[in-house]
Protein chains: 2
Amino acid sequence: MKNYIKELRSSSKLSQAELAKICKVSRQTINAIENDKYDPTLQLAFNIANALDTTVDRLFVNNPKYSKT
Amino acid sequence: MKNYIKELRSSSKLSQAELAKICKVSRQTINAIENDKYDPTLQLAFNIANALDTTVDRLFVNNPKYSKT
DNA sequence: AAAATATGTAAAATATTTTTGACATTTCGG
DNA sequence: CCGAAATGTCAAAAATATTTTACATATTTT
């Protein structure tokens with residue numbers, strides 16, 4: 001699932017490490033999610049959205065076509 | 001995390017089994033999520049929201065226990 | 001150019017979600 | 001009331017996500 005974490009994080013002038021700290025996860029978790037290695041848990045998705053002053057629906061773009069099979 | 005799946009599902013006149021089928025998960029998964037046994041994956045959250053014609057942010061209410069500064 | 005900061009990546013261990021199968025209870029229409 | 005549909009629950013296993021540790025490259029700052 002595509003997301004705009006990198007873009008919004010850059011706008012907020014936060015490093016991956018800083019965002020990770022706010023969200024209470026490892027820097028590598030933020031990095032992996034930004035690079036679409038896997039999706040975050042729903043809770044973490046909300047935490048990241050809050051940290052970046054946006055919503056889950058704006059931050060993550062789900063293509064319903066590619067729903068889980 | 002609290003959610004309004006049960007309420008919206010009832011409004012839509014869908015059974016847990018029907019919603020599960022639309023979302024391509026087991027009936028027990030829908031039941032467990034409705035009863036707050038665990039949170040769904042982000043992808044499933046989007047699928048359920050789509051099926052109930054709403055958004056993830058409206059369907060799930062996050063307690064901003066961990067929020068920005 | 002060197003130092004400091006930031007980002008990318010990966011494997012193994014850990015944690016969480018989902019499935020499967022089963023059975024009990026509740027709800028609802030006929 | 002009876003039977004069917006719907007819901008609740010449980011345990012074990014499978015599937016998926018996160019953390020940790022470690023190191024590499026890249027970018028920025030001085």
Side-chain angles (χ1 to χ4, degrees):
Chain A
M1 186 180 318
K2 181 169 167 41
N3 70 71
Y4 297 109
I5 297 174
K6 194 174 299 194
E7 291 83 349
L8 291 180
R9 179 176 59 76
S10 295
S11 300
S12 299
K13 305 258 196 284
L14 289 171
S15 67
Q16 292 181 345
E18 289 168 329
L19 178 57
K21 187 167 188 182
I22 293 170
C23 297
K24 296 185 164 60
V25 292
S26 67
R27 174 184 69 78
Q28 288 86 340
T29 292
I30 296 296
N31 182 281
I33 295 167
E34 282 193 356
N35 291 294
D36 294 321
K37 301 304 181 189
Y38 51 77
D39 292 333
T41 59
L42 185 58
Q43 180 64 63
L44 180 52
F46 270 98
N47 291 352
I48 297 172
N50 285 341
L52 297 177
D53 199 29
T54 187
T55 63
V56 170
D57 288 286
R58 284 194 216 105
L59 192 57
F60 296 88
V61 184
N62 177 47
N63 186 338
K65 203 174 188 177
Y66 298 140
S67 296
K68 182 185 162 193
T69 54
Chain B
M1 187 179 317
K2 181 170 165 41
N3 70 70
Y4 297 109
I5 298 173
K6 194 173 303 193
E7 292 82 350
L8 290 181
R9 179 177 60 74
S10 296
S11 301
S12 300
K13 302 260 196 288
L14 286 172
S15 67
Q16 291 181 347
E18 289 168 329
L19 177 57
K21 186 168 188 182
I22 293 171
C23 297
K24 296 187 167 66
V25 292
S26 68
R27 175 185 69 81
Q28 288 87 336
T29 292
I30 296 297
N31 183 281
I33 295 167
E34 282 192 356
N35 290 295
D36 295 320
K37 300 305 180 189
Y38 50 76
D39 291 333
T41 59
L42 184 59
Q43 180 63 65
L44 179 52
F46 270 98
N47 291 353
I48 297 172
N50 286 341
L52 297 177
D53 199 30
T54 187
T55 64
V56 170
D57 288 286
R58 283 193 217 107
L59 192 56
F60 296 88
V61 284
N62 178 46
N63 190 334
K65 181 170 155 187
Y66 302 100
S67 65
K68 194 172 132 189
T69 60

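Each chain gets a letter, A, B and so on, in the order its sequence line appears, and its residues count up from 1.
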> Just wondering, are more than 12 heavy atoms of other shown residues or ligands nearer than 6.0 Å to OH in Tyr38(A)?
Replying inline: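 Check passes, neighbour count above 12.
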Could you state the [atom1]-[atom2] distance from [X] to [N], rounded to the nearest angstrom?
X        : N       : atom1 : atom2 : answer
Glu34(A) : dT18(D) : CD    : C1'   : 16 Å
Gln43(A) : dT17(C) : CD    : C1'   : 15 Å
Leu42(B) : dA17(D) : CG    : P     : 10 Å
Asn31(A) : dA24(D) : CG    : C1'   : 13 Å
Lys24(A) : dA17(D) : NZ    : P     : 24 Å
Ile30(A) : dA6(C)  : CD1   : C1'   : 14 Å

> Are side-chain heavy atoms of Glu18(B) and Ser15(B) found at a separation under 4.5 Å?
Replying inline: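 In contact.
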>> Could you identify the nucleotide paired to dA11(D), looking across every strand shown and requiring Watson-Crick or G-U wobble geometry with both distances under 3.5 Å?
In response: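 Because both required distances fall under 3.5 Å, dA11(D) counts as paired with dT20(C).
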So which nucleotide from [options] ends up closest to the side chain of [X]?
X        : options                  : answer
Arg27(A) : dG8(C), dT18(C), dC23(C) : dG8(C)
Thr29(B) : dT7(C), dT18(C), dT9(D)  : dT18(C)
Arg9(A)  : dT18(D), dG8(D), dT7(C)  : dT7(C)
Tyr38(B) : dT7(D), dT17(C), dG8(C)  : dT17(C)

>> Quick check on dG8(C): is either OP1 or OP2 less than 4.0 Å from any side-chain nitrogen or oxygen of Gln16(A)?
In response: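 Checking dG8(C) against Gln16(A), a side-chain N or O does come within under 4.0 Å of OP1 or OP2.
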>> What contact category does Ser15(A) fall into here, base, sugar-phosphate, or nothing, at under 4.0 angstrom with non-hydrogen atoms?
In response: sugar-phosphate
> So what does Thr41(A) hit on the nucleic acid, given a heavy-atom distance under 4.0 Å: a base, only sugar-phosphate, or nothing?
Replying inline: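 Result for Thr41(A) = sugar-phosphate.
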Could you state the interatomic distance from [atom1] ([X]) to [atom2] ([Y]), rounded to the nearest 0.5 Å?
X        : Y        : atom1 : atom2 : answer
Leu42(B) : Thr41(A) : CG    : OG1   : 8.5 Å
Arg58(B) : Asp53(B) : CZ    : CG    : 9.0 Å
Leu44(B) : Lys24(B) : CG    : NZ    : 12.0 Å

>> Looking at the base of dT21(D), is there any donor atom on it, or on the side chain of Gln28(A), that sits under 3.5 Å from an acceptor on the other one?
In response: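 Flag set: donor-acceptor pair detected.
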>> On DNA chain D, compare the nucleotides closest to Asp39(A) and Asn35(B); which residue's is nearer the 5' end?
In response: Asn35(B)
